[in-house]
Each structure stands twice: as C-alpha cells, then as structure tokens.
Amino acid sequence: RKTIAMMLPLALFSGAVFLFFMPFNSWGQSSGSLDLSHRIHEIEVVAEFPHDPDAFTQGLLYAGNDTLFESTGLYGKSSVRKVDLRTGKVEVIEKMGNSYFGEGLTLLGERLFQVAWLTNTGFTYDIRDLSKVKPFKHHMKDGWGLATDGEVLFGSDGTSTLYRMDPRTMKVTNKHTVRYNGYEVRYLNELEYINKEVWANVWQSDCIARISPKDGSLLGWILLPKLRQGLLKSGHGGIDVLNGIAWDSDKQRLFVTGKLWPKLYQIKLKQAS
Ligand code: DDQ
Ligand code: CA
C-alpha cells in the first residue's frame, strides 16, 4: 500500500507530462537541413570543441571561417573575444572596464554590438581588431541578449519581451511578449537569428525557445539537459548554465555552449522521444 501511495504522484506527473507534449508531435513544417518539423526537439551532439572554461559566456555568434565571437561576463573578467572554433583558442580579446558585466553580442556589417548587465549602456566594436568604436544607450529594461537579421537588432532583457530595435538609433521599433500556453516565458537570455526565427536560451533552464519575431509566438522548444548534466557527471562541477547559441548559415551548423563550460558543442535537432 505504501508503494502504491508513493507511485501515484509519479504516475500522475508522468501522465501530465505526456499529455502536455503529445499535441505537438505532428505540427510545423520543415526548413532546409535543419529539421524543424516538430515542436519539441531533443538534440544529438555532432562534434565537440574545446571552450575556455574561464569564459562566462553571455553572447556567442559565428562569423565564417571557423571563427566565433564571444562576449563574456563577471565583473573584472568581462570581454569580447575572437575565438578559433576548432581549438577554442582566444585569438583577440578586448576587455571591458571592471564595472561592466558583458552580455549579449551580435554582428551587423563590420560592427559588433554588445550590451551589459544592469545598465542601459552598450558598446560597438570593430570586427577586425575588436577596438571599441563607441558606447550607446538602449531602451530595454536591461541588457541580456542580442541578435540580428542583418537589418534590425533583436534584444532580450530577462523578461518575456522580445524587442526589435533600430541599430542606428537603438530605438525600440516593436516588441512582443513571448507566451507558451498562455504563460509568459520569462528570463529570455542569449539570442540567435536562425531561419527567420529568433532562438532564445531561457536562463536557468536547459531549454531554448524558438520564437517568431513577427508576433512573439512560441514555435517550439529544444531540450538540452544532457549537455550540462554530462559535464557535471564528468567532473566539471564548477560550470554554470547553458548559454550561447551560434548559427553557421552557410554550412547549417548549430553551436551551443554554456557559462564556464570547458566544451562547445555542434548539435543537431531530433524529435523528442
Ligand atoms: N544574466 O546573465 C542572467 C543576465 C546575469 C547572470 C548573473 C549571474 C550572477 C553571477 C554573479 C554576480 C556577481 C555580482
Ligand atoms: Ca547568439
């Protein structure tokens, strides 16, 4: 009797989880080599690369030629860096002042745009040598994530709002509240623009949300708990959360990493089992 009493909540919970995910199995449409035909994805690791375990990753992007650009946080350790994908080696680094905590990063033309935590100040950098070009002010509640479609900037501030901004003036030209089944999806963090969607790491979760920049609607979820758990199991106890999505649109390669993770992963999506 005791066992049944103990198993009942588990059975109810599993049932609820099953019902929650079930309706999404056959929705959506596919796109390119990235199979987006399912609303809930798990992932498979295609390749692993070294990643600076001292990098508190806050922004990540792929710029061609096996080159990544990364923004890192923590006071006194914040930076923008150019990183070799294959070796993880930091090729160029520009440190931020000790009073700044690096956050989202995106590349528009020759300029990197970076925002900082707990301030409305951001910085632009020259892509060639990472020299600072100029600071700017933005109008989000805070600076968390940045991405671009090549024309406008998308931003997140840790709330459920996805912002669209004019990169010349940093004025907010549009914003949407991201909801899933009616609930606001808060803590939107690092962003990436992929196949006309904005993907967002949800802070403190092992999940990435696929968001429509048109209306903020939730297009799907990517579940990645195995990456962080795998690192913890292999003895990397000091790591923080999953954070950092980069997309190589030419070769359709998807990269993710996390704060203080010793590895960066190339992953592909698969249907949740
Ligand atoms: N954010 O990246 C989610 C926006 C902020 C993460 C802050 C993590 C706290 C680290 C310790 C702060 C020391 C002042
Ligand atoms: Ca990114």
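Order of appearance sets the numbers: ligands from 1, and atoms from 1 within every ligand.
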Discussion item. Taking CG in Asn65 as the centre, count heavy atoms belonging to other residues, nucleotides or ligands within less than 6.0 Å. Is the count above 12?
Written reply: no

Worksheet, complete the sentence: side-chain contact (heavy atoms from CB on, under 4.5 Å) test vs Ile208 passes for just one of Ile43, Asn201, Ile194, namely Asn201

Distance filter under 4.0 Å to [X] heavy atoms, resulting ligand 1 atoms:
X	value
Gln58	2 (O)
Glu103	1 (N), 2 (O), 4 (C), 5 (C)
Trp203	3 (C)

Worksheet entry | Backbone or side-chain N or O of Trp117 under 3.5 Å from ligand 1 N or O | no

Discussion item. I'd like to know if Lys226 pairs up with Asp206 as an ion pair, taking the criterion as any Lys NZ or Arg NE/NH1/NH2 lying under 4.0 Å from an Asp or Glu carboxylate oxygen.
Written reply: no

Practice prompt. Look at the aromatic rings of Phe123 and Tyr125 and report parallel, tilted or perpendicular, splitting at 30° and 60°.
Written response: tilted

Do you see an N/O/S atom of [X], backbone or side chain, under 3.0 Å from the Ca ion (ligand 2)?
X	result
Ile245	yes
Leu191	yes
Leu60	yes

Worksheet, complete the sentence: On a heavy-atom basis, the closest approach of His139 and Met170 is CD2-O, 3.2 Å

Worksheet entry | Within one Ile-Leu-Val-Met-Phe-Trp-Tyr cluster: Tyr265 and Trp247, side-chain cutoff 4.5 Å | yes

Worksheet item: If two hydrophobic side chains count as joined below 4.5 Å and joins carry through other members, does Tyr100 share a cluster with Leu146?
Response: no

Item to complete: Quickly, which of Tyr163, Trp203, Phe154 forms a ring pair (Phe, Tyr, Trp, His ring centres under 6.0 Å) with Trp144? Name it, please.
Response: Trp203

Worksheet, complete the sentence: Looking at Glu192, the N/O/S atom that lies nearest to the Ca ion (ligand 2) is called OE1

Response to the item:
Answer key: the N, O or S atom of Glu190 nearest to the Ca ion (ligand 2) is OE2

Practice prompt. Find the distance between NE2 (His51) and CG (Asp54) and round it off to the nearest 0.5 Å.
Written response: 10.0 Å

Response to the item:
If you scan protein heavy atoms around atom 11 (C) of ligand 1, the nearest is Leu74 CD2, 4.5 Å

Discussion item. Closer than 4.0 Å and a protein heavy atom, does any atom meet both conditions relative to atom 7 (C) of ligand 1?
Written reply: yes

Response to the item:
Candidates Phe101, Phe56, Tyr187; heavy atom nearest atom 12 (C) of ligand 1 found on Phe101

Discussion item. Side chain, backbone, both or neither: which applies to Lys259 and ligand 1 if a contact is any heavy-atom pair less than 4.0 Å apart?
Written reply: side chain

